[in-house]
> 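Would you mind keeping the following structure in view while I ask a few things?
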Amino acid sequence: GQQLNQSPQSMFIQEGEDVSMNCTSSSIFNTWLWYKQDPGEGPVLLIALYKAGELTSNGRLTAQFGITRKDSFLNISASIPSDVGIYFCAGAGSYQLTFGKGTKLSVIP
Amino acid sequence: DTGVSQDPRHKITKRGQNVTFRCDPISEHNRLYWYRQTLGQGPEFLTYFQNEAQLEKSRLLSDRFSAERPKGSFSTLEIQRTEQGDSAMYLCASIFTGTSGRSDYNEQFFGPGTRLTVL
């Protein structure tokens, strides 16, 4: 089946630093999404990408849809303590989402 | 709060017991999904409904699992004869699709999940 490889698995950064994480797939997706999940909660949608090459921002978050449609990255600028959590990429198929294993972000004040 | 609610939030049960979870999607959303998430993994697709019709099931959905959405609104997921391997977070998500059933947008909204622990 389809698999998404998400890296890094975890990150420890200082408050104020920028963060970058990425996701690659063996298959093409027509939509890429990035979610954030806090402990004990469901994933919350951050950014959705619909066109190859598209670059989309949401506040301090920027994400890009790779031109091959097999990858995407997420950047977080000027990290703050509330950015702590697990970030998941997801590729949208015909009806379901396929998720990566997540990047766990820890922010040191 | 995404507008998708799930009940209960936590369930502890003994192996062999039956459990049932409920999901209330965003009211105008006609498509509803169930996912399972184990520790250290992303959510994995189980099944989905378009209105009241269950259209797809994952191979993860063994015959001990059954899901319903009788009136096209809320949905229930039942696990019979629970096993320790069923311990996971069960997530519900919803989305609106047009009358064709296609969605130009795949922005699924997730509920807070039900954490199941099987002892």
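All figures in this text were calculated on a predicted structure; none of them were measured in a lab.
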> Answer with side chain, backbone, both or neither: which region of B/Q6 has an atom nearer than 4.5 Å to a non-hydrogen atom of chain A?
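Answer is neither: B/Q6 stays 4.5 Å or more from chain A.
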> So for B/E56, is it side chain, backbone, both, or neither that comes closer than 4.5 Å to the heavy atoms of chain A?
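Interface part for B/E56: side chain.
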> Can you confirm whether B/L32 sits close enough to B/C23 that some side-chain heavy atom of one is under 4.5 Å from a side-chain heavy atom of the other?
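Yes, at least one pair of side-chain atoms sits under 4.5 Å.
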> Give a yes or no on whether the ring-centroid distance for A/F99 and B/F45 is below 6.0 angstrom.
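No, the ring centres sit 6.0 Å or more apart.
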> Does any heavy atom of chain B fall under 4.5 Å from the side chain of A/L97, the backbone, both, or neither of them?
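The answer is both parts of A/L97.
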> Under the 6.0 Å and 45° cation-pi test, does A/R69 pair with A/F29?
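No, A/R69 does not lie over the aromatic ring of A/F29.
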> Please classify the contact between A/Q9 and chain B as side chain, backbone, both or neither, with a heavy-atom cut-off of under 4.5 Å.
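Contact with chain B involves no heavy atom of A/Q9 at all.
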> Is the centre of the B/Y33 ring less than 6.0 Å from the centre of the B/F49 ring?
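No, too far apart.
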> Let's test your reading of the structure: which of B/R115, B/Q37, B/M89 forms the most heavy-atom pairs below 4.5 Å with chain A?
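The answer is B/Q37.
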> Which atoms of A/F88 come close to chain B, meaning under 4.5 Å heavy atom to heavy atom: side chain ones, backbone ones, both, or neither?
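Answer is side chain: those atoms of A/F88 sit under 4.5 Å from chain B.
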> Highest number of heavy-atom pairs under 4.5 Å with chain A: which of B/P43, B/G113, B/P112, B/G42?
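Sorted descending by pairs with chain A, the first entry is B/P43.
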> Relative to chain B, which of A/C89, A/A90, A/G40 shows the most heavy atom pairs under 4.5 Å?
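Maximum pair count with chain B is reached by A/G40.
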> Centres of the A/Y95 and B/Y48 rings: under 6.0 Å?
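Close enough - the centres of the two rings lie under 6.0 Å apart.
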> Is any side-chain heavy atom of B/R36 closer than 4.5 Å to a side-chain heavy atom of B/Q41?
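The answer is no, as the side chains (C-beta and beyond) never meet within the 4.5 Å cut-off.
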